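As the structure is a prediction and not an experimental result, all values here were calculated from the model. When a ligand or atom number is given, it counts from 1 through the structure's own listing order.
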Amino acid sequence: MATQFLISLLLLSGYALTSATEFGRPLNRKLAKLKKKEQLTHFKFYWHESVGGSNATAAIIIPSLPQYTNTSHFGSVRVIDTPLTLGPELSSKLVGRAQGFYAVTSRTDLELTMIQNFNFFEGKYNGSTISVLGRDVALNETRELPVVGGSGVFRFAKGYVELSTYLAEPIAGNSVIEYNLYVLHY
Ligand SMILES: *[C@@H]1O[C@H](CO)[C@@H](O)[C@H](O)[C@H]1NC(C)=O
Ligand SMILES: *[C@@H]1O[C@H](CO)[C@@H](O)[C@H](O)[C@H]1NC(C)=O
Ligand SMILES: *[C@@H]1O[C@H](CO)[C@@H](O)[C@H](O)[C@H]1NC(C)=O
Ligand SMILES: *[C@@H]1O[C@H](CO)[C@@H](O)[C@H](O)[C@H]1NC(C)=O
């Protein structure tokens with residue numbers, strides 16, 4: 001029954017059945033469960049980093065080159081597993097986690113190259129991820145990271161996320177960043 005349905009779909013869509021040895025072939029988007037139109041969704045959440053203490057959400061895995069330890073920290077790499085919350089307080093609703101790493105990639109300024117996967121927990125987004133990769137000029141008022149893709153409901157995703165610092169406590173090693181994510185997906 002299911003096979004018959006598949007075959008009639010294939011015939012309807014005008015594509016011939018191809019041999020199993022073919023590497024790539026055109027596919028009707030219905031078969032990939034793609035909707036006709038892309039939609040734009042805006043997400044707003046807060047990203048919490050704490051560098052020190054037993055609940056650290058960021059760990060330095062590579063220290064900076066010695067000659068930059070008092071300046072830009074060029075060369076240092078941190079791995080992160082940071083909570084994403086609906087409001088700016090850490091106690092507000094947990095909507096996901098950001099997992100990935102970032103490196104200081106400027107010899108003169110606090111400029112980061114960030115690689116992050118947002119893993120969302122809410123409703124229909126639960127279990128779906130968004131991947132971002134970009135340049136974060138940490139001391140700038142706003143920064144922008146491109147969305148490079150996604151999984152689950154975010155397959156074929158593209159877009160960007162705007163970062164703005166909500167709270168920075170450099171001595172304690174805590175920061176809260178507001179994330180505004182704009183994503184096109186099906
Ligand atoms: C770490 O988190 C736990 C559970 O949320 C909390 O009970 C504890 O006080 C926290 N510790 C620190 C040092 O913040
Ligand atoms: C960094 O600063 C510390 C304390 O001021 C100093 O002892 C150290 O020599 C400095 N390191 C470099 C590479 O300049
Ligand atoms: C998200 O999915 C996981 C695993 O399927 C489930 O355990 C969890 O309760 C879900 N969370 C929400 C908020 O629906
Ligand atoms: C720095 O911030 C300004 C406005 O706040 C923005 O226009 C500019 O694109 C930002 N530059 C970078 C490199 O993010």
Exercise. Would you say Asn126 and ligand 3 have an N/O pair spaced under 3.5 Å apart?
Worked result: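 Min N/O separation from ligand 3 is below 3.5 Å for Asn126.
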For this session: May I ask you to decide if the ring planes of Phe120 and Phe43 are parallel, tilted or perpendicular, using 30° and 60° as cut-offs?
Result: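 Rings of Phe120 and Phe43: parallel, as their planes differ by under 30°.
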Exercise. Does the side chain of Asn117 pick up a donor-acceptor pair with the side chain of Ser131 at under 3.5 Å?
Worked result: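 Side-chain D/A pair, Asn117 to Ser131: present.
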Exercise. Protein residues near ligand 2, heavy-atom distance below 4.0 Å?
Worked result: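 Its neighbours under 4.0 Å (heavy atoms only) are Pro66, Asn70, given by chain and number.
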Side chains of residues 153-164: which donor-acceptor partners sit under 3.5 Å, not counting sequence neighbours?
{"unit_1": "Lys158", "atom_1": "NZ", "unit_2": "Glu38", "atom_2": "OE2", "d": "3.2"}

Problem set entry | side chain to side chain contact (heavy atoms under 4.5 Å, CB included) partners for Phe121, two or more places apart |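 Side chain to side chain contact (heavy atoms under 4.5 Å, CB included) check on Phe121 returns Leu94, Arg97, Asn119, Asn126.
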Exercise. Going by the order shown, which atoms of ligand 3 are within less than 4.0 Å of some heavy atom of Phe121?
Worked result: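 Those qualifying, in numeric order: 11 (N), 12 (C), 13 (C), 14 (O).
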For this session: Output yes when a side-chain donor or acceptor of Thr57 lies under 3.5 Å from a complementary backbone atom of Ser50, and no otherwise.
Result: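 The answer is yes, because a donor-acceptor pair under 3.5 Å joins these two groups.
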Exercise. Do the side chain of Ser92 and the main chain of Gly87 share a donor and acceptor less than 3.5 angstrom apart?
Worked result: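 Here the side-chain-to-backbone pair exists.
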For this session: Tell me, please, which residues at least two apart from Glu89 pass salt bridge (charged side-chain N to carboxylate O under 4.0 Å, His left out).
Result: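 Counting only residues at least two positions away or on another chain, Glu89 forms no salt bridge (charged side-chain N to carboxylate O under 4.0 Å, His left out).
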